[in-house]
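Remarks on the structure that follows.
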Amino acid sequence: MASYPFTEIEKKWQQRWDDSDIYKTSEDKSHPKYYILDMFPYPSGAGLHIGHPEGYTATDIIGRYKTMRGFNVLHPMGFDAFGLPTERYCMEKNIHPIEATNTNIAVFVGQLKMLGFGYDWSRCVNTTDPEYFKWTQWMFLKIYNSWFDDEQQRARPIDELPIPDEITDTKEIEDYKDKHRLAFISMVPVNWCEALGTVLANEEIDEWCAKGYEVVRRPMRQWMLRITKYSKRLLDDLALVDWPISTKEMQRHWIGESIGAEIQFTIEGNDKSFIVFTTRPDTVFGATYIVLAPEHELVSDITTPDQKNEVAEYIRETSLKSDLERTDLNKSKTGVFTGAFAVNPATGKPIPIWIADYVLAHYGTGAIMAVPGHDERDHEFALTYSLPIKKVVTPSGGSEWDIENKAFTEDGIAFDSANDEFSITGMATPDAINRTIEWLESKSIGCKKIQYKLRDWLFSRQRYWGEPVPIMYFEDGSKRALDESELPLRLPDVLDFQPAGTGESPLAKVESWINFIDPKTGKKARYETNTMPQWAGSCWYYLRYIDPKNDEIFCNKEKEKYWMQPDGVDLYMGGAEHAVLHLLYARFWHKVLYDYGYVSTPEPFKKLYHQGLIMGEDGRKMSKSLGNVINPDDVVAEFGADSLRMYEMFLGPLPDAKPWSTSGIEGVHRFLNRVWRMLATEAATLSESVVECELSKEQEYVLHSTIKKVGEDIESLHFNTAVSQMMIFVNEFTKSDRKPRQAMEKFVLCLAPFAPHIAEELWAILGNTESIIRHSFPDYDESKTIKDEIELVVQVMSKIRSKLIIPLDSNEEFVDSLARADENVCKHFEGKTVRKVIFVPNKLINYIVS
RNA sequence: GCAGAAGUGGCGGAACUGGUAGACGCGCUGGACUCAAAAUCCAGUGGCCUUUAAAGCCGUGAGGGUUCGAGUCCCUCCUUCUGUACCA
């Protein structure tokens, strides 16, 4: 294929852009700002994937377009470089993660530059840089030194925590504070992988299991972040952001709000009581037994001697199961009777207390009142163990319902639900719920309650390659958080990253880490050996880009205001795989910072957009094993970066999954060749056919429509149709031997955001000396985007019978007279009379005949 | 099961508030250029009927409905993708 000299052109302009710092972000306050953010990549050893350029090109186009529209554009790039894969790789190769990380980042930067992205590299961040993670640690300490004021619904300094009068002892006060901090230590069952020597997040399990690693449940001492305190705000504030519906839905589900009630149950022959959560307090009369989670704290207290062995055995069995196994056993429910009875507060009758692993310890109170008549799970369990099923709700239509056969779970009419103090019998479910809550509250044995599914965030990993937790412990069991002036707490420079073998991170083997004299207190100390999870660094990187070199604060307030007001990042582009975790964690950190006034917006990301996956040519997900992986380096070598960029935009709508096609990129490449030949000679000089001349009517129409459509499509992220329109332009103008110079110039400006290298070159060939990005995006004349002659459809009985070429805005009489004169139209009138005429100006005329 | 999104030629995909379905690209067919090929350029290209054309009929996952008119709006169903799942 005889191509324009894309390799030379692209190298040349990339060099010039680099040399002239052309993409350095301007902060000239007289211009409006636009903050575009890409989800920064994890710099893996494999280099850039073909999917990366999709989102990055989209944002690059917008960045260039907004720049040409006079905005100060902040469009930075960085690296999320802490992580287990790098650590594993380094263990195999026996190199240091810093070395591997720097090598990988250098490869990524080279590839990103090769694709011509206009990033301001002076703002590049790297989460593993101590100057960066100093502030990650600083933020962790902010969270650590906070408690959540439920009334004010915000974080407050831990020193402002009201301490109950009865607590006076210094140590007790510290313990009390620790219990309320937003970062706290807890013994929790975690997903432990022996081979990796670390815990894994629930969402990480699949990935590593697929690679053949084994993961087991095991209780361990872990750092947790109290994200659950922000459940309500994280849920409510979704209303403030312009995100894909599906992503918002996913977050809503993840947070999982349910409205119901807590009800207290007493235990027969025991002065203890317990609380259950239910969304259907109206069915309390139908609660025929109780189920506690096997882990429930009361289980050992209440189990009767003759049930002890069976209960202990059941608890042992379930403790070995992972969460996955427990939920996987969807088929049949198991459980054991404790021998104890609770009192149903509504009926006053004793009901048996069971334990079963279908009740989860970590949700609600870890205890339920089982209403087998009106809950499918309880129904199944009741059938298995022959427990009584009682009907307390009937379908509102009055139809019969066989409660033994199937639970009735919908709203209906309360039935047989009365005691000496109140009755809800005959009430519709919503009223019955309210009335029951009133009664519970009047007796002080229950209240309305909103429950969330969201769990606290497991915030420690037993790894070397992560941010150290800036906390030290002393021999007396006390601990001390580092002062701001002591940050960053750097990783010790070691070369042994093998797990300690004790369930601790490799840091536990580093003498200087676990056995040193704290200079501040003079006491013998050891640092926390856990490091932070990979999510930590990505929780706030968008703020660091704003002020990347500041060593006083993570981000200057004034600068934050300029770039983040009014609603945060203007456009955030990234994969849908981060729809929940990263986006939830980042929102959480942002809200803590917001509570302290460090950031000025309640939400970090105004508009979120997900680019779709690029599939292999065979329509399957690209993977090494399928051999359908496309490498961006190869594509750039064969067709050039501009072709790759344009092709990825032309493939289809940005959010869709789309298959790669080699002949498809050839088509786009052919288009760029046509563009080149339209303007330039083979010797890269201006083609003689480009001349100062008037545009034809048709050319004027196409030019102005193109400027209009390309601009509008960029704004709405419909890049595929913008490319189509530019193709239409080229098709129109190559028809003519004389190419009007002014049209060519405007076209090249439209092309520039998409294919910046060829556009720069053609712009220079057209005689310009300054970079094309310094020029404004062209304006169009609306009147020229409208044709003065249009085709109008003539229908008879709503079927097209003819088409008329008529002047724009022709009136009905005129159209009618022409239409009636049409031969084919007349044919369809034969033997019929016109009953009705529908005239839509500039569109159609429709005759209804009979 | 639940939630969200989507089903349009041989393929990727267009189609504004209901008003010419299939823009643009790929592929394919024919032609020009060439000794030949590549590249390039021109023309054609949803299906059926027809030698061709005109004319006509059928066509946006399936079936109903609203309307002069439905890819677009409403109802029912099917399929695919994505997330989630004993959350009381």
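To find a chain, count down the sequence lines: A is the first, B the second, and so on, and within it residues start at 1. All values derive from a computational prediction rather than experimental measurement.
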Donor on one side chain, acceptor on other, A:Asp713 and A:Thr721, under 3.5 Å | yes
For nucleotides 17-33 of chain B, just jot down a letter per nucleotide in 5' to 3' order: B, S or -, based on protein non-hydrogen atoms under 4.0 Å.
-> --BBS-BBSSS------
Which is true for A:Lys799 with a 4.0 Å heavy-atom rule: it touches a base, it touches only sugar-phosphate, or it touches nothing?
-> sugar-phosphate
Side-chain donor-acceptor contact under 3.5 Å, A:Asn824 with A:Ser802 | no
4.5 Å side-chain heavy-atom contact, A:Leu387 and A:Pro352 = yes
Using the C1' atom on both, measure B:rC33 against B:rG18 and round to a whole Å.
-> 49 Å
Does A:His828 make a side-chain N or O approach to OP1 or OP2 of B:rG56 shorter than 4.0 Å?
-> yes
Heavy-atom side-chain contact between A:Ile845 and A:Tyr847 under 4.5 Å | yes
Indicate whether any N or O donor in one side chain lies under 3.5 Å from an N or O acceptor in the other, for A:Tyr385 and A:Thr334.
-> no
Is B:rG83 in the syn or the anti form, by the rule that syn lies within 90° of 0?
-> anti
Is it the case that A:Thr57 and A:Arg645 place a side-chain donor and acceptor less than 3.5 Å from each other?
-> no
OP1 or OP2 of B:rG56 sitting under 4.0 Å from any side-chain N/O of A:Arg801?
-> yes
So, are A:Arg677 and A:Glu682 salt-bridged, with charged N and O less than 4.0 Å apart?
-> no
Which part of the nucleic acid, if any, lies within contact of A:Ser258, taking any heavy atom under 4.0 Å across all strands shown: a base, the sugar-phosphate backbone alone, or nothing?
-> sugar-phosphate
Quick one: label A:Pro653 by what it contacts on the DNA or RNA (base, sugar-phosphate, nothing), any heavy atom closer than 4.0 Å.
-> sugar-phosphate
Check the side chains of A:Ser689 and A:Asp737 for a donor-acceptor pair under 3.5 angstrom, ignoring hydrogens and angles.
-> no
If you check every side-chain atom of A:Asn824, which of B:rG13, B:rA88, B:rA55 has the closest atom?
-> B:rA55
Among the nucleotides B:rG4, B:rA55, B:rC68, which one has an atom lying closest to any side-chain atom of A:Ile848?
-> B:rC68
Between A:His253 and A:Thr365, whichever has its closest RNA chain B nucleotide further toward 5' is A:His253
Could you give the distance separating B:rG19 and B:rG71 at their P atoms, to the nearest angstrom?
-> 9 Å
All heavy atoms of A:Thr318 vs all of A:Pro294, minimum pair found to be OG1-CB, 3.8 Å
Looking at B:rA3, B:rC86, B:rA5, which one has an atom nearest to any side-chain atom of A:Lys333?
-> B:rC86
Please work out the stems of RNA chain B from pairs that are Watson-Crick or G-U wobble with both distances under 3.5 Å, keeping only runs of three or more consecutive pairs.
-> B:1-7 with B:78-84, B:10-12 with B:24-26, B:27-32 with B:40-45, B:46-48 with B:56-58, B:61-65 with B:73-77
